[in-house]
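In each ligand, atom 1 is the first atom listed, and ligand 1 is the first ligand listed. Count residues from 1 along the sequence. Keep in mind that this is a model prediction, so the values were computed, not measured.
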Amino acid sequence: MAKRALITGITGQDGSYLAEHLLAHDYDVFGLVRRTSTLNFERIKHIQDQITLVPGDMTDLTSLIHVLREAQPSEVYNLAAQSFVPTSWSQPVLTGDVTALGVTRILDAIRATDSSIRFYQASSSEMFGKVREVPQTEDTPFYPRSPYGVAKVYGHWITVNYRESYDLFAVSGILFNHESPRRGLEFVTRKVTHHAARISLGLANELRIGNLEAQRDWGFAGDYVRAMWLMLQQETADDFVVATAQTHTVQQLIEVAFNCVDLDWRQYTVQDQRFMRPAEVDLLIGDPSKAKASLGWQPSVTFEQLIEMMVKADYDQLKAEHNL
Ligand code: NAP
Ligand code: F7E
């Protein structure tokens with residue numbers, strides 16, 4: 001019989017790639033979707049006839065219990081979150097409700113319905129924040145720098161706690177930044193690649209940006225969902241860092257993206273205080289040795305290939321949209 005998986009956050013970047021990955025492994029895929037007045041199935045419309053969407057919300061325990069009863073999954077991937085860091089300062093309580101308490105709700109719903117379900121929690125490198133060591137490993141202490149990071153630390157520890165308290169197969173993937181042409185336009189990689197493409201097509205004339213010095217370990221989302229799946233196929237539940245072990249500044253990101261369309265980034269880039277954060281995470285670089293050794297996981301896309309892929313996708317899409 002086909003395995004059944006439930007993905008919360010299926011309409012997001014990672015949810016769409018994970019759904020594709022699970023379908024390719026012959027899973028019956030269920031996706032939790034919240035009610036919206038306009039449909040936002042852009043990232044999953046190409047697979048919508050192969051998956052089952054079930055209504056619910058991470059803020060509503062009853063809906064999570066109903067969804068688990070209906071889907072009867074053997075694996076749950078909890079990707080739903082308020083995931084944009086700046087919004088976590090303007091909506092800290094909502095961020096805590098969805099990104100932190102939402103994890104407890106889904107874990108408790110699993111306990112109430114079927115404690116044999118394997119559970120994946122989308123933890124984040126933002127938990128390392130003001131980093132205590134370089135590179136960051138599974139043992140690096142957390143020091144979050146935003147309400148989002150704080151909420152993710154809660155989600156991480158409640159997952160560990162339910163594993164230890166109730167013997168659930170519950171794991172956390174501590175994933176470093178991962179990007180793709182499906183990344184939301186507000187995140188820095190997609191903002192930059194989209195602007196590079198727009199400027200080269202004459203549709204915009206500048207890129208307004210915040211901190212150029214921040215450093216991130218950026219990988220490809222398609223590679224990272226493979227690691228999520230591998231974590232739930234192991235004999236024992238454990239937590240893993242997933243990263244490329246390479247870091248780049250925001251400025252390097254802009255240089256690479258603008259080079260893809262033969263533009264000099266300096267001519268178009270304007271620093272704008274509005275995009276600075278009240279507290280910054282200056283440097284992230286992960287050590288994925290444990291994932292490599294235990295899961296056999298490694299990234300397949302380099303930073304340069306990733307940015308080129310994103311610029312090209314934006315360029316082609318804008319060209320088609322504007323009949324250029
Ligand atoms: P994303 O594109 O922002 O997607 C977030 C998803 O969560 C969307 O499907 C969204 O639904 C859903 N969601 C938000 N609030 C919800 C609620 N109250 N109830 C039900 N669903 C809700 O995020 P992503 O980049 O795919 O990331 C996936 C997960 O990994 C997130 O938990 C994120 O925090 C974590 N993470 C991401 C990265 C990264 O670099 N991408 C790194 C580490 C960890 P709507 O479409 O309806 O808004
Ligand atoms: O910012 C700097 C900004 O918003 C990256 C989420 O998926 O990854 C993501 O969080 C860096 C920061 O991602 C702009 O200050 C400069 O230093 O793309 P971002 P993030 O905050 O790292 C982690 C792992 C997650 O878990 C999160 O869910 O870029 N930056 N100028 C800018 N960032 C944005 N967004 N916009 C700018 O104009």
Candidate list Y224, F220, W229, test ring pair (Phe, Tyr, Trp, His ring centres under 6.0 Å), partner Y17, passing option: F220
Would you mind running through ligand 2 and noting each atom that sits below 4.0 Å from a heavy atom of E280? 3 (C), 12 (C), 15 (O), 17 (O)
G12: numbered ligand 1 atoms lying under 4.0 Å from its heavy atoms: 2 (O), 4 (O), 8 (C), 9 (O), 26 (O)
Measure from atom 23 (O) of ligand 1 to every heavy atom in S83, G102, P55 and give the option owning the shortest one. S83
For R43, is at least one N or O under 3.5 Å away from an N or O on ligand 1? no
Residue, atom name and distance, where the atom is the protein heavy atom closest to atom 10 (O) of ligand 2: V85 CG2, 3.8 Å
Salt-bridge criterion met for R34 and D60 (N-O under 4.0 Å): no
List every atom of ligand 1 that sits less than 4.0 Å from any heavy atom of A122, numbering the atoms from 1 in the order shown and giving each element. 29 (C), 30 (O), 32 (O), 35 (C)
Are any of the N/O atoms on N40, whether in the backbone or the side chain, positioned under 3.5 angstrom from an N/O atom of ligand 1? yes
Considering heavy atoms of the protein only, find what lies nearest to atom 2 (O) of ligand 1 and give residue, atom and distance to 0.1 Å. Q13 N, 3.1 Å
Min heavy-atom dist E126 to ligand 1 below 4.0 Å: no
Residue, atom name and distance, where the atom is the protein heavy atom closest to atom 5 (C) of ligand 1: A81 O, 3.7 Å
Quick check on E308: does its CD atom have over 12 non-hydrogen neighbours (other residues, nucleotides or ligands) under 6.0 Å away? no
Examine distances only and state if a side-chain atom of T99 and a backbone atom of T95 form a donor-acceptor pair shorter than 3.5 Å. yes
R182 versus H46, closest heavy-atom pair with distance: NH2-NE2, 3.9 Å
Can you check ring pair (Phe, Tyr, Trp, His ring centres under 6.0 Å) on F84 and F187, steps first, answer last? CA-CA 8 Å; F84 189 46; F187 297 92; 5.1 Å; yes
Considering only protein heavy atoms, which is closest to atom 47 (O) of ligand 1, and at what distance to one decimal place? R34 NE, 2.9 Å
Any salt bridge between E186 and K191, counting N to O under 4.0 Å? no
Residues 260-271 side chain polar contacts: donor-acceptor under 3.5 Å, at least two apart:
residue : atom : partner : partner atom : Å
D264    : OD1  : R266    : N            : 3.1
T269    : OG1  : W265    : O            : 2.8
Q271    : NE2  : G210    : O            : 2.8

Of all protein heavy atoms, the one nearest atom 40 (O) of ligand 1 is H178 N, 2.9 Å
The closest protein heavy-atom partner of atom 35 (N) of ligand 2 is E186 O, 3.0 Å
With a 4.0 Å cut-off, would you call E20 and R226 a salt bridge? no
Determine whether more than 12 heavy atoms belonging to other residues, nucleotides or ligands lie under 6.0 Å from atom CZ of R208. yes
Honestly, for S83 the part within reach of ligand 2 (heavy atoms, under 4.0 Å) is both
Work out whether the distance between some heavy atom of R183 and some atom of ligand 1 is less than 4.0 Å. yes
Using a cut-off of 6.0 Å, state whether more than 12 heavy atoms not belonging to E42 lie near its atom CD. no
What protein heavy atom is closest to atom 6 (C) of ligand 1, reported as residue, atom name and distance in Å? G9 CA, 3.6 Å
What is the nearest protein non-hydrogen atom to atom 26 (O) of ligand 1, stated with its residue, atom name and distance? D14 N, 2.8 Å
In ligand 2, which numbered atoms sit nearer than 4.0 Å to a non-hydrogen atom of Y148? 25 (C), 26 (O), 27 (C), 28 (O)
Would one find more than 12 heavy atoms of other residues, nucleotides or ligands at under 6.0 Å from atom NZ of K292? no
Should the pair H21 and H25 be assigned to parallel (<30°), tilted (30 to 60°) or perpendicular (>60°) ring geometry? tilted
Under 4.0 Å from a heavy atom of S124: give me the atoms of ligand 2 that qualify, with their elements. 23 (C), 24 (C), 25 (C), 26 (O)
Keeping to residues at least two apart or across chains, list the side-chain hydrogen bond (donor to acceptor under 3.5 Å, both in side chains) pairs with something in residues 313-324. R190-D314, T193-D314, K312-D316, Q317-E321
Out of L253, V188, N177, whose heavy atom sits nearest atom 13 (O) of ligand 2? N177
So is T8 touching ligand 1 or not, going by heavy atoms under 4.0 Å? no
Suppose I only count heavy atoms of S125 and a 4.0 Å limit; which atoms of ligand 2 are within that range? 24 (C)
Hey, are D282 and R145 close enough for a salt bridge, meaning a charged N less than 4.0 Å from a carboxylate O? no
Distance from atom 2 (C) of ligand 2 to nearest protein heavy atom, with residue and atom: V250 CG2, 3.9 Å
the protein heavy atom lying closest to atom 19 (N) of ligand 1 turns out to be M58 N, 3.0 Å
Which atoms of ligand 2 have any heavy atom of F84 under 4.0 Å away? 4 (O), 35 (N)
Suppose I only count heavy atoms of N177 and a 4.0 Å limit; which atoms of ligand 1 are within that range? 40 (O)
Classify the contact between K152 and ligand 2 as side chain, backbone, both or neither, using a heavy-atom distance cut-off of under 4.0 Å. neither
Ignoring angles and geometry beyond distance, decide whether G15 reaches within less than 3.5 Å of ligand 1 through its nitrogen or oxygen atoms. no
Give the residue and atom name of whichever protein heavy atom lies nearest to atom 31 (N) of ligand 2, and the separation in Å to one decimal. G210 N, 2.9 Å
Tell me the contacting part of Y148 for ligand 1: side chain, backbone, both, or neither, using a 4.0 Å heavy-atom threshold, strictly below. side chain
Atom 10 (C) of ligand 1: nearest protein contact (heavy atom, Å): T11 OG1, 4.0 Å
Contact (N/O only, under 3.5 Å) between K152 and ligand 1: yes
Backbone or side-chain N or O of D57 under 3.5 Å from ligand 1 N or O: yes
Checking a contact table here: which protein heavy atom is nearest atom 7 (O) of ligand 2, and how many Å away? R183 NH2, 2.9 Å
Within a distance under 4.0 Å of any heavy atom of A214, pick out the atoms of ligand 2 and give their elements. 17 (O)
Is the shortest N/O to N/O distance between F187 and ligand 1 below 3.5 Å? no
Cluster question for you: counting only ILVMFWY and a side-chain heavy-atom cut-off of under 4.5 Å, with indirect links fine, are I7 and V33 together? yes
Can you tell me how the ring of H156 sits relative to the ring of F142, calling it parallel under 30°, perpendicular over 60° and tilted otherwise? perpendicular
Give yes or no for whether the N/O distance cutoff of 3.5 Å, strictly under, is met between S124 and ligand 1. no
Ligand 1 and S125, any nitrogen or oxygen pair closer than 3.5 angstrom? no
S123: heavy atom below 4.0 Å from ligand 1, yes or no? yes
Proximal candidate to atom 37 (C) of ligand 2 [heavy atom criterion; set M276, R216, R277, K191]: K191
Could you tell me whether the side chain of S124 reaches within less than 4.5 Å of the side chain of K152, counting heavy atoms only? yes
